[in-house]
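Below is one structure, written out as structure tokens; the observations come after it.
Below, each value reflects all heavy atoms present in this structure, side chains not excepted, and no hydrogens, waters or symmetry copies. What you are looking at is a predicted structure, and each value in this text was computed from that prediction instead of being measured. The first residue in the sequence is number 1, and the count goes up from there.
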Amino acid sequence: YFGLIEVQFFEGHGCEYIVVVGNWYGLPTAGRRHGVNSGRILREIGFVRSTGEDNIWMRMTDDGSYDYIGVYVDDIVVVSHVPELIAEEIREHVDLKDTGQLDYFLGKSFREHEGIYKVGPVRYLQEQLVDLENELGPIRKYKTPMASDDHPELDKSTELRGKDIKKYQRILGTLQW
């Protein structure tokens, strides 16, 4: 978690009002403000934005290698030989929560094995299957995309309506992920 907020209270013209400096969930400009504030902090500690991807920040280390920070809304991932030191630099500006070894980020599970990180959607898919089974009942398991005796061209089912359309879209979105 990566956040920064300051609220200033004012009185004047017969009313009280506040000015929010930083980002605050729910405000129309919260996302934009958060990006501006987190970018300012990362620049202050020596990182520059990648020219290929706005959400990747990097800085060269003394030995010629690079430290990287990936930012997604208010979550960050640090890739470095010394991630704890970078976390401390960021902590000088904001409160960081849930720091430590990367386990799960943006629907992907991360696992280290013999110095190599393995990335995959296993945990996300397991969570989605549990949700879908709770909503739709048991899900049959096939080794192919559809049952071998299925003939969708002969299907006479009625078209989906209302909430069923959303369920179908959710299932397809999960499968695409």
Restricting to salt bridge (charged side-chain N to carboxylate O under 4.0 Å, His left out), what partner residues turn up for Arg170, sequence neighbours left out?
Asp131, Glu135
Should Leu125 and Val122 be counted in the same cluster of Ile, Leu, Val, Met, Phe, Trp and Tyr side chains packed under 4.5 Å apart?
no
Please say yes or no: joined through hydrophobic side-chain contacts below 4.5 Å, possibly via intermediate residues, are Val130 and Tyr124 part of one cluster?
no
Calculate, to the nearest 0.5 Å, the distance between atoms CG and CZ belonging to Leu102 and Phe110 respectively.
4.5 Å
Report whether Val119 and Ile116 are members of the same hydrophobic cluster (ILVMFWY, side-chain heavy atoms less than 4.5 Å apart, transitive linking).
no
Linked hydrophobic residues, Val82 as query - side chain contacts closer than 4.5 Å
Leu85
So, using side-chain contact (heavy atoms from CB on, under 4.5 Å) as the criterion, who are the partners of Ser109 when residues are at least two apart?
Tyr104, Arg123
One should read off an interatomic distance between Ile139 CD1 and Leu132 CG, to the nearest 0.5 angstrom, of 5.0 Å
Let me confirm one number: the NZ-CG distance from Lys166 to Asp164, rounded to the nearest 0.5 Å.
12.5 Å
Inter-residue atom distance Ile69.CD1 - Ile90.CD1, 0.5 Å rounding
4.0 Å
Please report, to 0.1 Å, the donor-acceptor pairs under 3.5 Å made by any side chain of residues 52-64, with sequence neighbours excluded.
from	atom 1	to	atom 2	distance (Å)
Glu53	OE2	Asn55	N	3.2
Glu53	OE2	Asn55	ND2	3.4
Arg59	NH1	Ile45	O	2.5
Arg59	NH1	Glu89	OE1	3.1
Arg59	NH1	Glu89	OE2	3.4
Arg59	NH2	Glu89	OE2	2.7
Thr61	OG1	Asp63	OD1	2.5
Thr61	OG1	Ser65	N	3.3
Thr61	OG1	Ser65	O	3.0
Thr61	OG1	Ser65	OG	2.8
Asp63	OD1	Ser65	N	3.0
Asp63	OD1	Ser65	OG	2.6

Pick one: which of Arg91, Glu92, Glu84 meets side-chain contact (heavy atoms from CB on, under 4.5 Å) with Glu88?
Arg91
All side-chain contact (heavy atoms from CB on, under 4.5 Å) counterparts of Lys118, not counting sequence neighbours
Arg111, His113
Near Phe105 CZ, under 6.0 Å, is it more than 12 heavy atoms from other residues, nucleotides or ligands?
yes
Sort and list the pairs that fulfil salt bridge (charged side-chain N to carboxylate O under 4.0 Å, His left out) and have at least one residue in residues 144-163, not counting sequence neighbours.
none
